[in-house]
Amino acid sequence: MIARVDALWMYPIKGCRGFSTPAATLAPTGLELDGIGDREWVVVDDQGEFLSQRELPKMSQIQTRLTGESLRVTAPGMLQLDVPFESEGDVIDVRVWNDKVAAVTQGVIADAWFSQFLGLRCRLVRFDPEASRVSNSKYTGKLIAPYKFADAFALLVCSAVSLAELNSRLAAKGHAPVTIERFRPNVVIDDVEAFDEDYIDHFTIGDAKLRVVKPCVRCTVPNVDSSTGEAGFEPGDTLASYRNDVRAGGVTFGVNAVIESGAGVPVVV
C-alpha cells in the first residue's frame, strides 16, 4: 500500500492548539521544527499535574506559533505572549498521567498569562533536555521509544479519508463537519481507503520507518469546538456508533506510532 503524506501538525504546548507545517524533521521523540519538538511545553496546576482540554476545553482557544526566537501564544481577550527559547528557570517535577517528568519553569509572566486566561493558578513548563521519557514496552517491545509531553507515544497518524467518512456520517445526521485538528494528529495520510490505517504495521517516510503500536482510543477532546472553547457530544457520539473497538478498549480514530529507525530525516508534505 502506498499512501501520501497530506499534512503535518505540531502542538508546541500539550492541550493547546497546534499548527500545520509543510515540512518538519522526524526526531526520535516525534516531529521537530528548527529543533523545537512536538509537546515541548505543558501547562500544569499548582500541584504539578498536567492540564488538558479534557477538564479545561477553553485550552482549545490558546493558539501557538514558533518564531525564530520564541514560542508565541495568543488567545481571545489576551495580549500576545512570547516565551523566549532561551528562557532559563528552575527544574521541577511535574506529572503527566503516571509519569513524573523533569521540566523547566518558564517565568512568572508566562505563569500569570495562563493563570489569567484559564482562571486557575497554573504554570507553563518546558521538557527538561536532560530528562528521559519512553513509551510503555508493553506496546513497543524491546524498542526504546522516547517522547516528550504527549500522552503515550511520539506520533499520532490519522487519515484524511477516514475523516471524510466520518463527516459523511455527521452530515447524514444533520451535523456540521469537523476538521482533522479535532483529533490532534501529527501525520495525516491520504490516497488510501477509509480506516486502512487500522491494518498497517509500519509506515516508511524516506529513509525512516515508523512502527504502528496500537489504535488510538479517543477521549472527549475531539468533542471540543475550538471556535467556542466548549465541549459537545459530536463527533464522539457518531464515532461510537461504528468505531467502538472492544479489543482496543474504546472508540478509536487514528493509530499511535513510534520511530523505529531513520530518526533525523526531513518530512515534507
Side-chain angles (χ1 to χ4, degrees), residues 5-27 29-44 50-68 70-76 78 80-83 85 96 106 110 113-114 117-118 124-127 147-160 162-163 177-190 205 210 216 218-231 235 253-257 259 266-269:
V5 176
D6 183 65
L8 301 169
W9 284 83
M10 291 271 296
Y11 309 87
I13 307 177
K14 182 178 180 64
C16 298
R17 290 187 70 176
F19 57 88
S20 61
T21 176
T25 299
L26 193 62
T29 55
L31 294 184
E32 280 191 357
L33 194 58
D34 297 327
I36 303 299
D38 185 60
R39 275 81 168 193
E40 181 101 6
W41 289 265
V42 66
V43 183
V44 298
F50 84 101
L51 300 174
S52 79
Q53 292 182 34
R54 296 170 183 86
E55 64 277 359
L56 289 171
K58 192 177 183 181
M59 290 182 73
S60 68
Q61 295 190 295
I62 300 175
Q63 300 204 46
T64 58
R65 290 290 183 272
L66 300 176
T67 74
S70 68
L71 165 68
R72 178 163 293 168
V73 186
T74 57
M78 300 291 292
Q80 175 179 292
L81 171 69
D82 281 284
V83 182
F85 294 150
V96 179
Q106 298 294 284
W113 192 99
F114 282 91
F117 183 71
L118 296 175
L124 178 70
V125 297
R126 187 176 182 181
F127 195 85
Y147 64 118
K148 293 186 177 179
F149 286 128
D151 276 351
F153 302 98
L155 295 168
L156 176 62
V157 180
C158 291
S159 161
S162 301
L163 178 69
V178 296
T179 65
I180 199 68
E181 188 180 2
R182 290 275 193 115
F183 295 95
R184 304 178 68 76
N186 297 113
V187 180
V188 182
I189 60 172
D190 204 349
I205 302 177
L210 313 183
C216 184
R218 309 311 307 213
C219 61
T220 59
V221 169
N223 293 341
V224 176
D225 183 349
S226 61
S227 66
T228 63
E230 297 178 354
F253 188 93
V255 291
N256 296 117
I259 294 87
V267 185
V268 180
V269 174

Are [X] and [Y] side-chain neighbours, meaning at least one heavy-atom pair lies under 4.5 Å?
| X | Y | answer |
| --- | --- | --- |
| F183 | P235 | yes |
| C216 | F153 | no |
| N186 | V157 | no |
| L33 | L31 | no |
| F19 | L8 | no |
| F117 | P76 | yes |
| L66 | P12 | yes |

Would you name the heavy atoms of [X] and [Y] that are closest together and state the gap between them?
| X | Y | answer |
| --- | --- | --- |
| I259 | A27 | CD1-O, 3.6 Å |
| G254 | L156 | C-CD1, 4.3 Å |
| A150 | V96 | O-CG1, 4.4 Å |

Once side-chain hydrogen bond (donor to acceptor under 3.5 Å, both in side chains) is applied, do any residues pair with [X], and if so which ones, sequence neighbours excluded?
| X | value |
| --- | --- |
| R39 | none |
| T21 | none |
| E32 | none |
| R17 | E181 |

Please enumerate all residues that pass side-chain contact (heavy atoms from CB on, under 4.5 Å) together with [X], with sequence neighbours excluded.
| X | result |
| --- | --- |
| Q53 | M59, S60, R184, V221, V224 |
| E230 | T228 |
| R72 | R65, T67, Q80, D82 |
| I180 | W9, C158, L163, P185, V188, F253 |

* Check step by step if side chain to side chain contact (heavy atoms under 4.5 Å, CB included) holds for V42 and V44. => CA-CA 6 Å; V42 66; V44 298; 4.0 Å; yes
* Asked: Sub-3.5 Å donor-acceptor pair from the side chain of K14 to the main-chain atoms of F149, do we have one?
  ->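 Checking the backbone N and O of F149 against the side chain of K14, a donor-acceptor pair under 3.5 Å is found.
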* To do: Check for a donor-acceptor pair, side chain of K148 on one end and backbone N or O of D38 on the other, with a separation under 3.5 Å.
  =>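 Looks like no, no N/O pair under 3.5 Å.
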* **Which residues share a salt bridge (charged side-chain N to carboxylate O under 4.0 Å, His left out) with R54, sequence neighbours left out** =>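 With neighbours one apart ignored, the set is D151.
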* **Sequence neighbours excluded, every pair satisfying salt bridge (Lys or Arg N to Asp or Glu O under 4.0 Å) that has a member inside residues 218-228** =>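 Every candidate salt bridge (Lys or Arg N to Asp or Glu O under 4.0 Å) pair involving residues 218-228 fails, so no pair, neighbours aside, qualifies.
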* Run through L118, L124, V83, L81 and flag the one making a side-chain contact (heavy atoms from CB on, under 4.5 Å) with W113. =>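 Exactly one option meets the side-chain contact (heavy atoms from CB on, under 4.5 Å) with W113, and it is L81.
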* Asked: Applying the side-chain contact (heavy atoms from CB on, under 4.5 Å) test to L155, which of N256, L26, T29 qualifies?
  ->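 Testing each of N256, L26, T29 against L155, the sole residue satisfying side-chain contact (heavy atoms from CB on, under 4.5 Å) is L26.
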* Asked: With Y11, which residues qualify under ring pair (Phe, Tyr, Trp, His ring centres under 6.0 Å), at least two apart?
  ->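 If we apply the ring pair (Phe, Tyr, Trp, His ring centres under 6.0 Å) test to Y11, skipping adjacent residues, there are no hits.
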* Asked: What residues, two or more places apart in sequence or in another chain, satisfy ring pair (Phe, Tyr, Trp, His ring centres under 6.0 Å) together with F114?
  ->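 In terms of ring pair (Phe, Tyr, Trp, His ring centres under 6.0 Å), with neighbours along the sequence ignored, F114 is linked to no residue.
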Distance from [X] atom [atom1] to [Y] atom [atom2], nearest 0.5 Å?
| X | Y | atom1 | atom2 | value |
| --- | --- | --- | --- | --- |
| Q106 | I13 | CD | CD1 | 9.5 Å |
| I36 | F85 | CD1 | CZ | 4.5 Å |
| E55 | T220 | CD | OG1 | 9.0 Å |

